[in-house]
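Below, chains carry the letters A, B, ... as their sequence lines are ordered, and counting in each starts from 1.
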Number of protein chains: 2
Amino acid sequence: MGRWEPDAQGRLRGAALELYAHQGFEQTTVAEIAARAGVTERTFFRYFADKREVLFAGSEQLQVETLAALAAAPASSSAIEAVAFGIERAVSVLADREYSRQRSKVIAANPSLQERELLKLAGLGAAMSAALQQRGVPPLTARLAAEAGVSVFTSAFDRWTADGESRTSVELVRESFAELRTVTAGL
Amino acid sequence: MGRWEPDAQGRLRGAALELYAHQGFEQTTVAEIAARAGVTERTFFRYFADKREVLFAGSEQLQVETLAALAAAPASSSAIEAVAFGIERAVSVLADREYSRQRSKVIAANPSLQERELLKLAGLGAAMSAALQQRGVPPLTARLAAEAGVSVFTSAFDRWTADGESRTSVELVRESFAELRTVTAGL
DNA sequence: GCTGCTGATGTCAGTTGCTGTCATCACTCT
DNA sequence: AGAGTGATGACAGCAACTGACATCAGCAGC
């Protein structure tokens, strides 16, 4: 299992983020990223499905951890409570705040990267919905609970990466959940 | 303002949907669509920003109508009530159920089309959130109310296009809103 | 120490989405 | 009839992505 230089994937990820942040996503060519990482363009596409995916390498793990926490929620939990279990775990997986900030900035600057992020989040929502249904939650209930959880996650995450925010991610998640409850009480 | 044959845009939209539905999105080339519509590939890109956008031509109008309805909600409405006004209007704009069914099928079959749809929906959510903030609703409240509205919209729309569903779209929206309220009451 | 296997990488050719540029055409107005 | 205008065609070109095949490093067995 030898390689010429170890961790080609890690070098590609680092090179891509630097170039995207420094000169913009569209202005960066895959050949540039590969060159900076010391490999060829073809090798880039062996590690990542496309030019965007390089920014979303850790997303499977986030989903796995979220689902595990959701599955570990007490059997007596309501659907939205089980989702809250999962989301609190998801947000505590994100450790490096400065890295998240930089990555978010790059994504926010390019619609096609936003699309990919939205797809990942939709996948997380669908997976949570499926997990809820396996707990016996009806489909519509499961879907609305899961998507509400994703909204809470993103709103808390965005505030967590905002400048001047000192609260922990879990605190922000709880605040978003509380606000969601207040919002829907207005119906 | 003359043209060789009128409604090139309409012909391109029809040709694209047919080909996407019949042989798949990725198996269809832009040159094929253009040829079927009787124009060149270059003309396709004059009407649509990219190969995916041809399926999302009516989305701006949907957003405009939704925002207008939201703005017309009584001043005494809560944030989520104002959103409900907008969403009920949005769903009643979708007239042709069979067309929606076919289009949804094509989109569901291809992740890159799902990405584009998610981006459009996120845009609708952001616009509703901005409209709510102009009504004096605080940012976090506005965002959660708007995204909840989008979830209600998509869940109702998907059920509306499901086989064997006979209820009207507005009925389904109201049911989704009621279910959302029940779900968040579990917190 | 040599050999053969395995998996990662390089090389290359090709398709397709998409863009810039400029000529050309149909139509309108005077 | 002639000039102007806006849509279209023709063409060249770049970059993302893919398939096929050669090649190389390192390991196992002899």
Could you tell me the separation between the CG atom of B:Leu12 and the P atom of D:dA7, rounded to a whole number of Å?
15 Å
Donor-acceptor pair (no angle test) under 3.5 Å: B:Arg46 side chain, D:dG9 base
yes
What pairs with A:Glu98 under side-chain contact (heavy atoms from CB on, under 4.5 Å), at least two apart in sequence or on another chain?
A:Asp96, A:Arg101
Nearest atoms (heavy-atom pairs only) where B:Ser155 meets A:Leu144:
OG-CD2, 3.9 Å
Pi-cation contact, A:Tyr20 with A:Arg103 (under 6.0 Å, within 45°)
no
Are B:Arg135 and B:Ser77 close enough, and set up right, to give a side chain to side chain donor-acceptor pair (under 3.5 Å), and what steps lead you there?
CA-CA 10 Å; B:Arg135 283 173 146 247; B:Ser77 307; 5.0 Å; no
Atom CD of B:Gln27 and atom C1' of C:dT16 are separated, to the nearest Å, by 13 Å
Under a 3.5 Å cutoff, is there a donor and acceptor pairing between the side chains of A:Arg159 and A:Ser176?
yes
Note, B:Thr168 side chain near B:Trp160 side chain (heavy atom, < 4.5 Å):
no
Taking the cut-offs as 6.0 angstrom to the six-membered ring centre and 45 degrees off its axis, would you call B:Arg13 and B:Phe48 a cation-pi pair?
no
Counting side-chain heavy atoms from CB outward, which of C:dT19, C:dG10, D:dC17 is closest to A:Thr43?
C:dG10
Side-chain N or O of B:Thr29 closer than 4.0 Å to phosphate OP1/OP2 of C:dG17:
yes
A:Glu41 has an atom CD; how far is it from atom P of D:dG19, in whole Å?
15 Å
By the rule that ILVMFWY residues connect when side-chain heavy atoms come within less than 4.5 angstrom, directly or transitively, which residues belong alongside B:Leu118?
A:Leu118, A:Leu119, B:Leu119
Indicate whether OP1 or OP2 belonging to C:dT9 is found under 4.0 Å from a side-chain N or O atom of A:Tyr47.
yes
Residues in residues 48-57 of chain B with a heavy atom under 4.0 Å of DNA chain D, by number, are none
Nucleic acid contacts of residues 103-117 of chain A, taken as heavy-atom distances under 4.0 Å to DNA chain D
none
Tell me whether the side-chain N/O atoms of B:Thr40 come closer than 4.0 Å to OP1 or OP2 in D:dA10.
no
Residue pairs passing the side chain to side chain donor-acceptor pair (under 3.5 Å) test where at least one lies in residues 83-92 of chain A, sequence neighbours excluded:
A:Glu65-A:Arg89, A:Glu88-A:Arg174, A:Arg89-A:Ser92
Listing time: all N or O pairs from protein to nucleotides 12-14 of chain C that are below 3.5 Å?
none

Between A:Ser100 and A:Thr161, does any side-chain donor sit less than 3.5 Å from a side-chain acceptor?
no
Is NZ or CZ of B:Lys51 both nearer than 6.0 Å to the six-membered ring centre of B:Phe44 and within 45° of the ring axis?
no
